[in-house]
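Reading through the structure tokens given below for one structure.
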Number of protein chains: 2
Amino acid sequence: MLDLRRLEILHRFAARGTISATAADLGYSPSAISQQLAALEREAGVALLERTAQRASLTDAGRELAEHAARILAAAEAAHSRMRARIGTVSGRVTVSCIHALAPALAPHLAALQRAHPELNVVAHETGSVTAAAAVLDRRYDLAVIDDWSEHPPAEGTGLSVHRLRREDIVLALPTDHALAEQSGPATAAQLRKIVHHETWLCAPVGQLSRAAGDRYLTAVDATPPRRWEFEGLHILAALVATGAGVAFLPAGLAQEQAGVVGLPLAASPQRTILALTRTTTREDPAVTACLQAARQALSRGR
Amino acid sequence: MLDLRRLEILHRFAARGTISATAADLGYSPSAISQQLAALEREAGVALLERTAQRASLTDAGRELAEHAARILAAAEAAHSRMRARIGTVSGRVTVSCIHALAPALAPHLAALQRAHPELNVVAHETGSVTAAAAVLDRRYDLAVIDDWSEHPPAEGTGLSVHRLRREDIVLALPTDHALAEQSGPATAAQLRKIVHHETWLCAPVGQLSRAAGDRYLTAVDATPPRRWEFEGLHILAALVATGAGVAFLPAGLAQEQAGVVGLPLAASPQRTILALTRTTTREDPAVTACLQAARQALSRGR
DNA sequence: TGGCGGCTTTAAGGAGAACTGATGCTGGAC
DNA sequence: GTCCAGCATCAGTTCTCCTTAAAGCCGCCA
């Protein structure tokens with residue numbers, strides 16, 4: 001009989017790649033992981049790992065068993081969720097991932113939830129939007145709050161539940177004393193080209209979703225910024241706009257909150273969507289749904 | 001994290017109904033089962049059993065978790081089978097069920113298989129045809145050899161693989177010195193009515209599949225035996241026919257093997273099918289397939 | 001070449017889990 | 001009333017599993 005904890009270890013090892021990282025993830029010493037994987041090999045009767053002194057990697061059999069393990073663990077988690085749904089108490093450990101920019105909004109609601117349910121143990125980390133889905137499916141997080149800047153938010157994948165929390169327009173963020181700050185209608189393409197040409201363009205580094213979306217829009221209106229400053233974090237960009245350092249594309253809500261910044265609407269406005277991701281197997285878990293509800297309250301006040 | 005062994009215990013309890021029987025099935029003391037189920041309740045956070053002093057029964061939650069357990073265990077077994085298929089060695093414990101009448105034919109082949117593979121541990125029991133499918137699905141047996149006397153053998157159910165080993169005609173078994181023993185063509189309905197009226201009719205007790213099938217045929221030709229002797233076991237019936245005690249419906253092969261018995265064909269001959277049942281999750285397990293192969297060799301020499 | 005650091009395994013020991021056997025309880029059968 | 005089947009609990013022993021400590025291997029760098 002294969003042991004469920006050992007399958008969990010194998011599954012995590014398949015996701016992380018080293019015994020040390022697996023141990024860190026699961027809160028054990030590397031020695032324990034090594035021993036448990038050896039025991040699993042003994043049980044299965046097959047070599048699951050190719051071991052060298054400084055690297056362990058999965059064999060074909062190990063990879064296959066890890067895939068089976070994913071299915072088995074999902075079934076077990078579904079069963080556990082159902083039992084938790086039966087008692088209905090919000091308790092246990094829930095790991096939450098949140099992108100940098102939304103953490104300040106989310107944190108107080110999670111803290112309140114934890115105060116309301118002392119048995120609940122919320123563990124929050126920061127993760128980027130790109131890797132979040134895989135991390136949730138890999139059971140590294142039970143709930144992930146991310147944003148998506150494409151026109152079409154990701155669909156529900158295998159085992160993944162996608163919850164849309166908020167959708168808001170992207171605006172052109174200008175310093176309050178900018179010549180166009182008083183304009184009521186949306187910025188025209190011509191205005192945008194002129195601004196981009198004269199001002200420093202503030203944006204996220206390449207690889208960020210917001211950067212790609214902004215570049216798409218700029219290309220569409222045929223504007224190419226001659227001067228770019230790249231900073232990570234939308235809050236920083238908003239603050240920089242306020243100091244007069246340049247202009248940027250920002251979510252409407254963020255531009256509105258930042259003192260010294262005015263948001264000018266855009267024609268055919270791009271949008272960003274704030275999403276929450278959970279596994280379908282935990283959909284009924286009261287603790288997870290409570291955290292999801294908290295995220296909804298924290299972040300869905302936009303339209 | 002729910003424990004797989006405990007889920008197995010719950011699942012077995014759901015099938016058997018008492019803690020003692022569960023313990024006997026799994027080879028533990030009742031005390032161990034009681035403690036493990038209590039631990040599972042603690043893990044799940046729900047009451048799974050309603051306990052009185054002399055009886056424990058599942059609650060709704062317990063029933064539901066037992067159903068989940070069946071799925072989880074099936075997934076685990078499938079994974080284990082895949083690993084065993086990878087190494088390909090015929091080893092481990094295989095529990096085989098066989099109906100009474102076929103045991104003599106099957107036993108030597110299983111014994112030979114066990115001699116050829118010392119790591120293999122075949123455990124054989126006798127079980128009736130009616131309950132075998134449920135027992136295989138409940139994991140009490142990995143392989144069951146049964147017979148079926150209906151026109152249409154059972155189809156593959158959820159998780160059950162049905163292997164047809166042999167199909168043979170039912171004949172009218174007569175003592176060698178009977179007046180009709182030399183007849184070459186099949187027995188007519190009129191002959192049958194006459195024989196039934198004059199001879200003692202030998203058949204299995206009510207509830208057996210062979211009895212039901214025989215009665216159906218007798219009813220169809222409008223023959224009702226005034227004198228019945230009911231004995232369990234087709235071999236006994238064959239031996240009784242040889243002594244001249246009466247006549248019976250028997251599978252052709254059995255009638256042929258029995259000295260002093262002649263088998264007279266029947267018009268629109270009923271048939272019996274010998275089937276092997278396995279779980280689909282163990283389909284790839286080399287040990288199970290080897291046992292199945294042995295059963296095929298032992299029993300499929302008919303047409 | 002020698003030392004350092006990351007990754008791994010092995011060995012030893014201790015904490016906890018789990019099984020057994022004994023004991024006690026309950027309710028139905030005789 | 002007495003017996004019996006079934007279940008829970010308790011104490012004790014065995015076994016599992018995790019941690020710490022030690023050591024090996026390999027790449028990297030001085």
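No experiment lies behind these values; they were computed from the predicted model shown. Naming convention: chains lettered A, B, ... in sequence-line order (proteins, then strands); numbering from 1 in each chain.
- Within the structure, ring-ring contact (aromatic ring centres under 6.0 Å, His included) contacts touching residues 117-145 of chain B (residues at least two apart or in different chains) are His125(B)-Tyr141(B).
- Residues passing the side chain to side chain donor-acceptor pair (under 3.5 Å) test with Ser29(B): none are found, sequence neighbours excluded.
- With hydrogens and angles left out, the side-chain atoms of Thr289(B) and Gln293(B) include no donor and acceptor closer than 3.5 Å.
- Taking the side chain to side chain donor-acceptor pair (under 3.5 Å) definition, one finds that Ser161(A) meets it with Arg283(A), sequence neighbours left out.
- Scanning for salt bridge (Lys or Arg N to Asp or Glu O under 4.0 Å) contacts around Glu50(A) gives an empty result, with sequence neighbours left out.
- With rounding to whole Å, Leu26(A) atom CG is found 11 Å from dT19(D) atom P.
- Taking the salt bridge (Lys or Arg N to Asp or Glu O under 4.0 Å) definition, one finds that Arg279(A) meets it with Glu77(A), Asp142(A), sequence neighbours left out.
- In this structure, Arg55(A) atom CZ and dT8(C) atom C1' are separated by 11 Å, rounded to whole Å.
- Sorted by residue number, the members of residues 28-49 of chain A with any non-hydrogen atom under 4.0 Å from DNA chain D read Tyr28(A), Ser29(A), Ser31(A), Ala32(A), Gln35(A), Gln36(A).
- The side chain to side chain donor-acceptor pair (under 3.5 Å) check on His11(B) picks up nothing, with sequence neighbours excluded.
- Contacts of residues 3-14 of chain A with DNA chain D (heavy atom under 4.0 Å): Arg5(A), Arg6(A).
- A search for salt bridge (Lys or Arg N to Asp or Glu O under 4.0 Å) contacts involving Arg82(A) returns Glu284(A), Glu64(B), not counting sequence neighbours.
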Exercise. List the protein contact pattern of nucleotides 25-30 of chain C with one symbol per nucleotide (5' to 3'): B for base contact, S for sugar-phosphate-only contact, - for none; contact means a heavy-atom distance under 4.0 Å.
Key: -SS---
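- Partners of Arg63(A) according to the side chain to side chain donor-acceptor pair (under 3.5 Å) rule, which considers only residues two or more places apart in sequence or in another chain, are Asp60(A).
- In this structure Arg228(A) satisfies the salt bridge (Lys or Arg N to Asp or Glu O under 4.0 Å) test together with Asp215(A), sequence neighbours excluded.
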